[in-house]
Participant: 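Supplied in structure tokens, the structure appears directly below.
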Amino acid sequence: MFSIDDLQNMFTGKKAAPQPTGNKKIWEFSDIEKQHLGLATAAFTLALGFMAVRGLSGISTLGMNTWIVTLLLAMPVMLFAVGPAFILHEIGHKIVAKKYGCWAEFRASPGGLRFGVFLAALTGILFMAPGAVMVVGHTTKQQFGKIALAGPLSNIMLWGIGIGLIALGLETTEFTFNFGGNQRGLLYLWCWTNVGFGAFNMLPFGPLDGRKVKTWSNAVYWTW
């Protein structure tokens, strides 16, 4: 989650002009926001597919035909397991920001998407900065901290859902992946993705959520 000031520091050094729509409906997504979400989701899905087949190196072990089929089958399955960690994290920021009367919309990062897809294709490793929710408006330090916390909090909730489903014996067995030398199901991946994504975003550095939460309250930061 970024403010306009974050964008100023990260890119041109010039203050970006906000583009409020004037509509404060919490669940409304503008056409441009939908386009950016679609672009980020598509690139994220492709990168997940490359991760599942271990990138281009997987061709040597699977063979070209099997590699292509596995890639195509893996993308929607992996998106189901990993996608909510990213998508609901960003929507969490948006909902709380709009609750406080701010303009808040997701914007994709073309450079981050390209890097993530190329890295996954070459190495089979997923590391991507797909974009962030841009927030414009007047908020108190506490409100801005709560907007930042909403993203990692969504990951904690998703992790809890995954743990609950595993405890109920609903872990997948039809589709598994190699994790640390062991075959694991999709709920295992769901849980670890949310733990990793939430923990990374809570680091108290740069434009990450953790810095905004810590600026608001040390007690809240260390509790979460």
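Not measured: the values here are computed from a predicted model. Only this structure's heavy atoms are used, side chains among them; waters, hydrogens and symmetry mates stay out.
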Participant: L72 versus M75: any side-chain heavy-atom pair under 4.5 Å?
Facilitator: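 Yes, at least one pair of side-chain atoms sits under 4.5 Å.
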
Participant: Is it possible for you to say whether F50 and L119 belong to one hydrophobic cluster, with membership spreading through side-chain heavy-atom contacts below 4.5 Å?
Facilitator: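 No; L119 is not reachable from F50 via cluster members.
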
Participant: Any side-chain heavy atom of M202 within less than 4.5 Å of one from Y221?
Facilitator: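 Yes, their side chains come closer than 4.5 Å.
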
Participant: Calculate, to the nearest 0.5 Å, the distance between atoms OG1 and CG belonging to T70 and N65 respectively.
Facilitator: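 Rounded to the nearest 0.5 Å, the OG1-CG separation comes to 10.5 Å.
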
Participant: Donor-acceptor check, side chain of W67 to backbone of G55, threshold 3.5 angstrom: yes or no?
Facilitator: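 Indeed, once roles are kept as given, a pair shorter than 3.5 Å links the two residues.
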
Participant: Pick one: which of N194, D209, L208, V213 meets side chain to side chain contact (heavy atoms under 4.5 Å, CB included) with P152?
Facilitator: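 When N194, D209, L208, V213 are each tested with P152, the side chain to side chain contact (heavy atoms under 4.5 Å, CB included) holds only for D209.
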
Participant: Can you say whether the rings of W190 and F80 are parallel (under 30°), tilted (30 to 60°) or perpendicular (over 60°)?
Facilitator: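 It falls in the tilted class, 30° to 60°.
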
Participant: Is there a path from I125 to L189 through hydrophobic residues (I, L, V, M, F, W, Y) whose side chains come within less than 4.5 Å of each other?
Facilitator: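 As far as the 4.5 Å side-chain criterion goes, L189 and I125 are not connected within one cluster.
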
Participant: Under a 4.5 Å side-chain heavy-atom rule over Ile, Leu, Val, Met, Phe, Trp and Tyr, are V82 and F115 clustered together?
Facilitator: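 No, it is not one cluster - the side chains of V82 and F115 are not joined through contacts under 4.5 Å.
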
Participant: So, taking the atom named OG in S109 and the one named NE2 in H36, what distance separates them when rounded to the nearest 0.5 Å?
Facilitator: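 That separation rounds to 10.5 Å.
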
Participant: Side-chain contact, heavy-atom cut-off 4.5 Å: I156 with W224?
Facilitator: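 Yes. Closest side-chain heavy atoms under 4.5 Å.
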
Participant: Would you kindly confirm whether F118 and I59 end up in one hydrophobic cluster when ILVMFWY residues are joined by side chain heavy atoms under 4.5 Å apart?
Facilitator: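 They do not share one cluster, since no chain of ILVMFWY contacts under 4.5 Å joins F118 to I59.
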
Participant: Give a yes or no on whether W159 atom CH2 has more than 12 heavy-atom contacts from other residues, nucleotides or ligands under 6.0 Å away.
Facilitator: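 Atom CH2 in W159 is not crowded, with 12 or fewer foreign heavy atoms closer than 6.0 Å.
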
Participant: With rounding to the nearest 0.5 Å, note down the distance linking CD1 in I147 to CD in Q142.
Facilitator: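 Interatomic distance, I147 CD1 to Q142 CD, rounded to 0.5 Å: 11.0 Å.
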
Participant: Which atoms form the tightest heavy-atom contact between G49 and L71, and what is the distance?
Facilitator: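 Taking G49 first and L71 second, the nearest heavy atoms are C-CD1, 3.3 Å.
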
Participant: Would you call W222 and K214 a side-chain contact if the rule is heavy atoms closer than 4.5 Å?
Facilitator: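 In contact.
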
Participant: Does E171 use its side chain to pair, donor to acceptor, with the backbone of L165 at less than 3.5 Å?
Facilitator: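 Pair absent, no side-chain N/O of E171 close to backbone of L165.
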
Participant: How are the rings of W192 and Y188 set relative to one another: parallel (under 30°), tilted (30 to 60°) or perpendicular (over 60°)?
Facilitator: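 Rings of W192 and Y188: tilted, as their planes differ by 30° to 60°.
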
Participant: State, yes or no, whether a side-chain contact exists between R107 and E33 at a heavy-atom distance under 4.5 Å.
Facilitator: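 Side-chain contact under 4.5 Å: yes.
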
Participant: Just by modelled atom types, is the G38 backbone N or O under 3.5 Å from a matching donor or acceptor in the T41 side chain?
Facilitator: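 Side chain of T41 to backbone of G38: no pair is present.
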
Participant: Out of I95, V133, L37, which one pairs with E90 under the side chain to side chain contact (heavy atoms under 4.5 Å, CB included) rule?
Facilitator: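 That would be V133; it is the only one of I95, V133, L37 passing the side chain to side chain contact (heavy atoms under 4.5 Å, CB included) with E90.
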
Participant: Within the 4.5 Å heavy-atom criterion, are V135 and H93 side-chain neighbours or not?
Facilitator: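 V135 vs H93: side chains apart.
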
Participant: Would a single hydrophobic cluster contain both L122 and M78, if residues Ile, Leu, Val, Met, Phe, Trp and Tyr are joined by side-chain heavy-atom contacts under 4.5 Å?
Facilitator: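 They do share one cluster, since a chain of ILVMFWY contacts under 4.5 Å joins M78 to L122.
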
